[in-house]
There are 2 protein chains.
Amino acid sequence: MNATGIIVEYNPFHNGHLHHIKQSRNLTDADIVIAVMSGHFLQRGEPSFADKWLRTEMALQNGADIVVELPYAFATAPAVDFAKGGVALLAALKCRALAFGSEQGQIEPFLATYDAIEGDNATFQKNVQHAVKSGLSYPKALNSAYSQMTTKNNGSFADLTQPNNILGYHYVEQIFKQKSAMQAVTIPRIASGYHDHILAGTTIQSATGIREAVFDGSLQDVEAFMPASNFSLLQQATLMNWDVLYPTLRYMLLRLSPSEIAAHAEVTEGIEYLLQKAARTSDTFTQFMTRIKSKRYTWTRLQRMLTHIYTGFTKAQLIEASMPHYIRLLGMTENGQRYISAHKKEFTLPLVSRVAAFDDPMLSQDCKATDLYYLAQQRAPGEDFRRPPIRI
Amino acid sequence: MNATGIIVEYNPFHNGHLHHIKQSRNLTDADIVIAVMSGHFLQRGEPSFADKWLRTEMALQNGADIVVELPYAFATAPAVDFAKGGVALLAALKCRALAFGSEQGQIEPFLATYDAIEGDNATFQKNVQHAVKSGLSYPKALNSAYSQMTTKNNGSFADLTQPNNILGYHYVEQIFKQKSAMQAVTIPRIASGYHDHILAGTTIQSATGIREAVFDGSLQDVEAFMPASNFSLLQQATLMNWDVLYPTLRYMLLRLSPSEIAAHAEVTEGIEYLLQKAARTSDTFTQFMTRIKSKRYTWTRLQRMLTHIYTGFTKAQLIEASMPHYIRLLGMTENGQRYISAHKKEFTLPLVSRVAAFDDPMLSQDCKATDLYYLAQQRAPGEDFRRPPIRI
């Protein structure tokens with residue numbers, strides 16, 4: 001059986017994702033689509049809008065055959081490590097292709113960009129150093145260095161100022177670095193609001209747009225942007241954002257000492273004092289973010305620090321999390337189950353269906369993140385221990 | 001001016017306390033009554049029922065001339081350290097007497113008990129060791145050892161199975177150990193429900209009974225048990241108990257690692273695993289306590305551990321807090337202010353009226369405890385920095 005992998009957040013699943021799954025399957029002639037999905041905390045340093053089990057169900061009902069969890073350590077990491085974890089899991093699951101959406105829409109520019117950067121890595125690193133010294137944040141410095149090496153040949157390199165292109169580039173990079181046999185494939189991303197003739201009668205809206213509409217109280221308005229089954233799942237969901245977590249984050253920032261705050265992943269350079277000061281005076285998350293935002297750090301970077309403080313994820317844990325230790329199965333279709341039965345012996349990482357049966361600090365952090373997410377919604381912890389993979 | 005000291009919690013202030021202040025003043029012929037009062041966390045390991053500022057106002061309106069705060073490190077400690085901090089502050093404030101309520105009601109048995117125990121400390125320590133080995137908790141072992149040395153002479157020793165006698169004994173002990181010139185005086189405690197002829201027309205109810213009635217929704221029922229001015233203050237108060245703090249405590253117990261939990265004051269002997277397990281399965285504080293309670297630990301001891309986990313107070317901080325570093329002024333009457341002006345130069349610890357002007361880790365913990373108490377009520381932190389002492 002021929003499996004194609006995708007790396008997703010589904011926050012929440014919408015028509016654009018449906019299009020992406022269909023195209024991935026068609027373009028790679030896949031029997032199986034395997035989604036590596038983030039759990040309850042995401043790459044932009046945010047809690048997921050809806051529960052990971054609900055998002056798993058959404059994916060399985062709309063074209064994914066297997067959903068596995070991207071461990072917390074990778075799901076909440078900068079693009080390079082996010083990609084590293086996702087690619088490693090898909091490779092371990094013996095996918096033949098990795099399909100990603102991108103603004104670029106063609107794979108060749110990504111390959112050319114990789115060759116250009118790896119072909120003269122010394123110059124690239126020098127450009128990064130130079131950009132950091134000139135005052136850019138590290139992600140911006142990376143982008144600037146990429147741009148300098150890839151703008152001369154107009155159109156033949158990927159435009160790395162576009163967010164999906166950046167992720168795509170890192171997927172390609174990781175496929176090479178991990179010496180994986182997977183083929184990289186890209187699908188043109190359909191812009192928000194674009195009325196797609198491939199999916200007649202459906203409308204694309206970004207996940208951000210959907211979340212904003214729901215939090216503004218317009219749940220009905222988003223019905224057009226997602227498959228009907230997902231909409232009914234979303235109607236039952238307890239939704240989450242940073243506003244819900246903020247009272248507990250605030251408690252945490254005032255309870256911990258500055259050095260305890262500084263021990264968390266991505267917290268650097270004395271920002272712990274600013275975090276405490278802002279927590280003292282800010283009654284809402286928006287106020288708080290406004291007070292800590294500066295040129296030095298991106299909004300995303302700040303939110304990732306806060307995610308790690310909320311879930312208690314330290315620099316020491318980050319260092320130990322260099323590669324995934326396991327494949328955590330969240331759900332599967334009957335088709336997915338057949339693939340697992342047929343190929344399980346080839347998988348290069350242990351497949352975990354029952355958390356209690358696999359003792360590992362990386363997995364403990366995933367379960368802890370779930371517990372602390374649930375507690376903020378007055379739901380009982382321990383869901384990851386009780387719940388078997390979803391089967392549909 | 002002749003000052004008498006008292007050590008109190010006022011949780012909340014009631015007619016029994018009014019009686020205690022009046023009698024303390026009369027018996028010692030005092031011009032001034034100085035109350036050392038606990039802040040937001042108390043000796044039984046509980047958050048105070050009402051705000052410390054409100055309790056300060058209650059005290060000043062009913063006979064106390066000066067209220068100073070017993071630092072967190074002592075206010076939440078076992079009786080011996082609670083007494084140590086209180087006695088040290090009253091001595092630093094140049095009180096000539098310390099007056100405490102007791103079941104015993106006479107001071108001689110306390111002095112005789114102290115002489116008996118100190119006169120043969122080797123036997124006493126041996127008795128304690130023996131009781132611990134026989135399986136008693138440390139507080140029970142102390143009591144058992146006291147009893148063995150003081151029961152032979154019926155009536156001439158203090159009955160140390162009574163809670164107020166135990167505190168009283170430790171006050172007397174600390175006066176001797178700190179070589180203080182203060183005179184110890186005791187006032188018979190009036191039992192709950194006793195209709196007191198000294199305070200004609202008033203009724204005594206214990207603070208515990210008052211809190212229970214209020215949380216049962218019967219605020220009006222407690223009006224008879226306290227001065228009228230206090231009742232109107234209490235009607236405006238946001239009330240607190242462990243049920244309010246439990247969701248955050250639960251988050252904390254699931255977020256911290258076992259070794260991080262074990263680093264907190266009074267947490268010993270592997271109980272961190274039991275705390276985590278019980279937090280996982282308990283939706284309410286009562287459920288939680290039922291699951292962690294055993295013969296090994298008193299309810300009070302367990303609650304103190306939880307208080308320290310909630311406020312982030314560690315074993316290391318406890319070790320550093322051997323004696324109070326300052327006198328934190330919470331409020332004063334005009335009379336109290338005159339005493340302070342006249343005697344300030346004789347005080348043996350710095351008098352702190354403005355927290356921002358005194359940088360000290362023990363004081364930081366007091367302010368942090370206030371912040372974390374307020375956050376649980378959705379109130380702004382920083383009150384201890386903004387608020388000057390109350391003057392009435």
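Each chain gets a letter, A, B and so on, in the order the sequences are listed, and its residues count up from 1.
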Within the distance-only criterion (no hydrogens, no angle test), does the side chain of [X] pair as donor or acceptor with the backbone N or O of [Y] below 3.5 angstrom?
X        : Y        : value
A:Gln43  : A:Ala77  : yes
A:Asp371 : A:Gly382 : yes
B:Gln303 : B:Arg44  : yes

- Item | Sorted by number, residues from residues 307-322 of chain A in contact with chain B (heavy atoms, under 4.5 Å) |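 Result: A:His308, A:Ile309, A:Tyr310, A:Thr311, A:Gly312.
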- Message: Between B:Thr76 and B:Arg304, does the side-chain hydrogen bond (donor to acceptor under 3.5 Å, both in side chains) criterion hold? Intermediate values first, please.
- Response: CA-CA 7 Å; B:Thr76 60; B:Arg304 282 204 301 262; over 6 Å; no
- Option in A:Leu375, A:Thr281, A:Leu256, A:Asp283 with maximal non-hydrogen atom pairs under 4.5 Å from chain B: A:Leu375
- Query: Can you say whether A:Leu254 sits under 4.5 Å from chain B via the side chain, the backbone, both, or neither, judging by heavy atoms?
  - Reply: both
- Message: Distance to the ring centre below 6.0 angstrom and angle to the axis at most 45 degrees; does that hold for A:Arg379 and A:Tyr374?
- Response: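 Output yes; distance and angle both within limits.
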- Taking it one step at a time, do B:Tyr246 and B:Asn241 satisfy side-chain hydrogen bond (donor to acceptor under 3.5 Å, both in side chains)? CA-CA 9 Å; B:Tyr246 180 66; B:Asn241 62 14; over 6 Å; no
- For a side-chain contact (heavy atoms from CB on, under 4.5 Å) with A:Trp242, tell me which candidate from A:Thr284, A:Thr286, A:Leu306 qualifies. A:Leu306
